[in-house]
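Heads up, the thing below is written out as C-alpha cells.
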Amino acid sequence: QMCVILKFLHQRGVVHRDFSPENLIVDANDRIKLIDFNVAQQTQGGSQGAIVGKPAYMPPEQFRGKATGQSDIYALGATLFFLLTGQDPEAITQSSVVALNSNVSPGLNQIIKRCTALQLNHRYQSTDEIAADLDDLSGQLAEPLVESLVEPLVESNTNVEASTHG
C-alpha cells in the first residue's frame, strides 16, 4: 500500500519529503493513509528546496535541498526499518534490519538496503520496482512478520486518537 501511495504522488510530480511512520495511519479497513502534506512539493528540474523532514528518514540529497521521488523511496525503506525493529534508523545510512530482528528474511533485508542506498544510482528508481520485489518475496514472508509491519501503525494511530479525545 505504501508503494501505491508514493506511485500516485510521483506520477503527479509530487515529492512528499516527510514520509515516515508518524505520517502514516491505518484506517478501520486496514488501509494505510499518508498524512501531513505541509512540506510536499512539486518536482521541478534542478530546483532546490528547503531542508525539511525527519533526519532519520532523509537521504543525503534531501539534506542538500534536492529531494526527488527517490528521496521518498529512501524514506519508505527507513519506515520499513522502523516497522520491523521499533527503532528509528540511523540518519544518512543504508539500513540493515537483520542485526535487530532475526525474523526478517534476507530478501526483505535486501529490499530495505536497496531502498536506503545512499547513492541514487544504487537505490530503487521507482515504487513499481519495490512492489515487484515484494511480490516476488511475498511467498517467503510469514503471517506474523506481515502483522508486525502493520501493528506499530495501528498502535500509534490508537495512541494519537486517545490523546486527542481525552
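Since we're looking at a predicted model, the values are computed, not measured. Quick note: numbers below take in every heavy atom, side chains included, and nothing from hydrogens, waters or symmetry partners. The first residue in the sequence is number 1, and the count goes up from there.
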With no hydrogens and no angle check, is any side-chain donor or acceptor of [X] less than 3.5 Å from a backbone partner on [Y]?
{"X": "D72", "Y": "V15", "value": "no"}
{"X": "E129", "Y": "Q125", "value": "yes"}
{"X": "N29", "Y": "R31", "value": "no"}
{"X": "E61", "Y": "L118", "value": "no"}
{"X": "R123", "Y": "Q70", "value": "yes"}

Set out, in order, the CA-CA distance, both residues' side-chain angles and the distance that settles side chain to side chain contact (heavy atoms under 4.5 Å, CB included) for I92 and F63, then state yes or no.
CA-CA 9 Å; I92 313 177; F63 275 103; 3.3 Å; yes
Is the charged tip of R12 near the ring of F8: under 6.0 Å from the six-membered ring centre and within 45° of its axis?
yes
Taking the side chain as every heavy atom from C-beta outward, state whether [X] and [Y] have any atom pair closer than 4.5 Å.
{"X": "F19", "Y": "I73", "result": "no"}
{"X": "M2", "Y": "L80", "result": "yes"}
{"X": "L137", "Y": "S105", "result": "yes"}
{"X": "H16", "Y": "N23", "result": "yes"}

Do I5 and I32 pass the side chain to side chain contact (heavy atoms under 4.5 Å, CB included) test, and can you show the C-alpha distance, the side-chain angles, and the key distance before you say yes or no?
CA-CA 9 Å; I5 291 167; I32 296 173; 4.1 Å; yes
side-chain contact (heavy atoms from CB on, under 4.5 Å), paired with L108, selected from V98, N103, L134:
L134
When L76, V97, T79 are each screened for side-chain contact (heavy atoms from CB on, under 4.5 Å) with I112, the one that passes is V97
Going through the distances and angles, do R114 and H122 end up as a side chain to side chain contact (heavy atoms under 4.5 Å, CB included)?
CA-CA 7 Å; R114 186 167 172 204; H122 294 153; over 6 Å; no
Qualifying side chain to side chain donor-acceptor pair (under 3.5 Å) pairs, either residue in residues 82-100, two or more places apart:
Y57-D88, S96-N109
Taking L100 as the starting point, is it possible to reach L84 by hopping between hydrophobic residues whose side chains are less than 4.5 Å apart?
yes
If two hydrophobic side chains count as joined below 4.5 Å and joins carry through other members, does Y74 share a cluster with L120?
no
How close do A91 and P55 get, counting heavy atoms only, and between which atoms?
CB-O, 3.6 Å
Smallest separation among heavy atoms of A78 and A56, with atom names:
CB-O, 3.9 Å
How far apart are the C-alpha atoms of L24 and L34, what are their side-chain angles, what is the distance that settles it, and do they pass the side chain to side chain contact (heavy atoms under 4.5 Å, CB included) test?
CA-CA 5 Å; L24 294 168; L34 180 61; 3.8 Å; yes
Applying side chain to side chain contact (heavy atoms under 4.5 Å, CB included) to N121 and not counting sequence neighbours gives Q119
K7: which residues meet the side-chain hydrogen bond (donor to acceptor under 3.5 Å, both in side chains) condition with it, sequence neighbours left out?
D128
Between K54 and D18, is there a side-chain N and carboxylate O pair less than 4.0 Å apart?
yes
